[in-house]
Amino acid sequence: MLLASVQAVRATDEIQVYNAGIAETGQFTIQQHLNYVALGQKDPPFPGGLASNHSLNGTPEFAYGVTDWWEVGLYLPFSIQDQRFYSDAFKLRTLFVSPHAEQRNFFYGVNFEFSNETPPFSQSRFAMEIRPIIGVRNSDYEFIVNPIVDFHFGKFAEQHFTPAARIARKFGDDLFAGFEYYSDLGQIGSFDRLADQQHTLFAVTDFKAGVFDVNFGVGYGLTPASDRLVVKTIIGYAFPVPGQKSDAHPRMNSGPVNPFTHAATRGFQP
């Protein structure tokens, strides 16, 4: 997600549209997010903050499937700038979804994420994200919207509306391509003028590389306040489910990467 304002900024640690896909019950998954801002903002958003230009940002993401509709996760965000490593502490999330979303024509969910942030990334120590998930798909296409609301607490408290969306098409087994859109419209009730809002459009592809799911994209900022050129990648791996034979499923679902899991072998359900 891309965020920047006078009061707060986050490293582009997770650039992702959630599709309601989660780990199977009892399954652990891991994803490594890495994103490079090739052409970004050269001025920090607040005194002592980090400018995004030429920064490498990311997070390892650990998740566990509690039930077929509930997943919990942990992030350890970071940024590398001018050969220095900066930690953004941690994030905890809990994700509730329609069960077996990858098999449904209409799917939905909501993610709650709590952040403990450090001074280079934000002037607020604590923040929370509420991310609804609404999507439709058939055997060839899918469209997903995440109408996200971000809350920052404390002296610099703000509530930002940061919607994201994705449209993608299946081109073959484990090969998908499409577009993802990310934005920050500013403070709810007093949106920024268009030039000060963030609007970024990514061309993306999802594919399978051995046992790993890969999401890769190149993004272009559409407004002066947006990072102009960003390259993003997510590499995901789903550990075997305890007690389940390795060939029980043709592919393991590793969360939001490769959203058309099982589409070729099983019809979609409402």
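In this structure a side-chain-to-backbone donor-acceptor pair under 3.5 Å is missing from Gln31 to Phe62. The backbone N or O of Gln197 lies less than 3.5 Å from a partner atom in the side chain of Thr223, making a donor-acceptor pair. Using a distance-only test at 3.5 Å, with no hydrogens or angles considered, a donor-acceptor pair links the side chain of Thr67 to the main chain of Trp69. Side-chain N or O atoms of Ser124 include one that pairs as donor or acceptor with a backbone N or O of Phe153 at under 3.5 Å. No donor-acceptor pair closer than 3.5 Å links the side chain of Asn146 to the backbone N or O of Ile148. In this structure, Arg93 contributes its side chain and Ala63 its backbone to no donor-acceptor pair below 3.5 Å. Asp88 places a side-chain N or O within 3.5 Å of a backbone atom of Thr118 that can act as its donor or acceptor partner. Put simply, the side chain of Ser87 gets close to the backbone of Ala89: a donor and an acceptor are under 3.5 Å apart. Panel note: side chain Glu71, backbone Ala23; a donor-acceptor pair is recorded below 3.5 Å. Between the side chain of Asn138 and the main chain of Asp140, a donor-acceptor pair closer than 3.5 Å is present.
Phe207 and Phe176 have their aromatic ring centers separated by at least 6.0 angstrom. If you look at Phe239 and Tyr237, their ring centroids are closer than 6.0 Å.
Under the 30°/60° scheme for interplanar angles, the aromatic rings of Phe112 and Phe96 are found to stand perpendicular. Taking the six-membered ring where tryptophan is involved, the planes of Tyr36 and His54 are essentially parallel, since the angle between them stays under 30° and well short of 60°.
By the 4.5 Å heavy-atom criterion applied to side chains, Glu117 and Arg125 are not counted as neighbours. For the pair Val145/Phe143, a side-chain contact is recorded, criterion being any heavy-atom separation below 4.5 Å from C-beta on. Side-chain contact between Glu102 and His100 is present, with at least one heavy-atom pair separated by less than 4.5 Å. By the 4.5 Å heavy-atom criterion applied to side chains, Val218 and Leu229 are counted as neighbours. Taking the side chain as every heavy atom from C-beta outward, Lys170 and Ser139 never approach each other to under 4.5 Å. When side chains are defined from C-beta on, Ile234 does not count as touching Val214, because their heavy atoms never get closer than 4.5 Å.
Taking CD1 of Ile167 as the reference point, atom CZ of Arg137 lies at 13.0 Å (rounded to 0.5 Å). Asp213 CG to Asp206 CG: the interatomic distance, rounded to the nearest 0.5 Å, is 8.5 Å. Put simply, CZ on Phe156 and CD on Gln123 are 4.0 Å apart, with the number rounded to the nearest 0.5 Å. Separation of atoms OG (Ser122) and NE2 (His152) is listed at 5.5 Å; rounding is to 0.5 Å. Distance check: Ser190 OG to Leu185 CG gives 12.0 Å after rounding to the nearest 0.5 Å. For the atom pair CG of Asn215 and OG1 of Thr205, the computed distance is 8.0 Å after rounding to the nearest 0.5 Å.
With Asn35 as the partner, the side-chain contact (heavy atoms from CB on, under 4.5 Å) test is satisfied by one option alone out of Thr233, Asp227, Thr12: Thr12.
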Item to check | CA sep, side-chain torsions, deciding dist, call: Trp70, Thr94, side-chain hydrogen bond (donor to acceptor under 3.5 Å, both in side chains) | outcome: CA-CA 7 Å; Trp70 180 22; Thr94 182; 2.7 Å; yes
Item to check | Derivation and outcome, ring pair (Phe, Tyr, Trp, His ring centres under 6.0 Å), residues Phe85 and Phe78 | outcome: CA-CA 7 Å; Phe85 179 88; Phe78 64 85; 5.6 Å; yes
Next on the checklist: Between Ile80 and Tyr86, is the side chain to side chain contact (heavy atoms under 4.5 Å, CB included) condition met? List the steps.
Outcome noted: CA-CA 6 Å; Ile80 299 175; Tyr86 299 88; over 6 Å; no
Checklist entry - Could you walk me through whether Leu201 and Tyr220 pass the side chain to side chain contact (heavy atoms under 4.5 Å, CB included) check? => result CA-CA 5 Å; Leu201 183 66; Tyr220 181 78; 5.7 Å; no
Item to check | side chain to side chain contact (heavy atoms under 4.5 Å, CB included) evaluation trace for Gln81 with Ser55 | outcome: CA-CA 5 Å; Gln81 299 187 7; Ser55 63; 3.2 Å; yes
Checklist entry - Could you walk me through whether Asp184 and His160 pass the side-chain hydrogen bond (donor to acceptor under 3.5 Å, both in side chains) check? => result CA-CA 7 Å; Asp184 183 346; His160 279 222; 3.0 Å; yes
Item to check | Trace of the salt bridge (Lys or Arg N to Asp or Glu O under 4.0 Å) decision for Glu142 with Arg166 | outcome: CA-CA 8 Å; Glu142 81 163 10; Arg166 168 187 168 100; 3.2 Å; yes
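Taking hydrophobic clusters as Ile, Leu, Val, Met, Phe, Trp and Tyr residues chained together by side-chain heavy-atom distances below 4.5 Å, Val136 shares a cluster with Tyr108. Residue Ile235 is grouped with residue Phe28 when hydrophobic side chains (ILVMFWY) are merged at heavy-atom distances under 4.5 angstrom, including chains of intermediate members. Side-chain heavy atoms closer than 4.5 Å link hydrophobic residues (I, L, V, M, F, W, Y) into clusters, and following such links, even through other members, never connects Tyr18 to Phe216. Both Phe151 and Phe161 are part of a single hydrophobic cluster, where members link through side-chain heavy atoms under 4.5 Å apart. The cluster map of Ile, Leu, Val, Met, Phe, Trp and Tyr, joined by side-chain heavy atoms under 4.5 Å apart, puts Val110 and Tyr64 in the same cluster.
Summarising the local packing, CZ of Phe126 is surrounded by more than 12 heavy atoms from other residues, nucleotides or ligands at distances under 6.0 Å. Heavy atoms from other residues, nucleotides or ligands lying under 6.0 Å from OH of Tyr181 number more than 12.
Closest non-hydrogen pair, Tyr182 versus Ala164, comes out as CD2-CB, 3.8 Å. For Thr25 against Asp68, the heavy-atom pair with the smallest separation is OG1-N, 3.3 Å. Counting all heavy atoms, side chain and backbone alike, Lys91 lies closest to Asp13 at NZ-OD1, 2.9 Å. Taking every heavy atom of both residues into account, Pro44 and Ala51 meet most closely at N-CB, 4.0 Å. Taking each heavy atom of Val37 and Ser52 in turn, the nearest pair found is CB-O, 3.3 Å. Scanning both residues, Leu194 and His199, for their nearest heavy atoms gives CD1-NE2, 3.9 Å.
Remark: Arg193 is not positioned above the aromatic ring of Phe191, lacking an NZ or CZ atom under 6.0 angstrom from the ring centre and at most 45 degrees off the axis.
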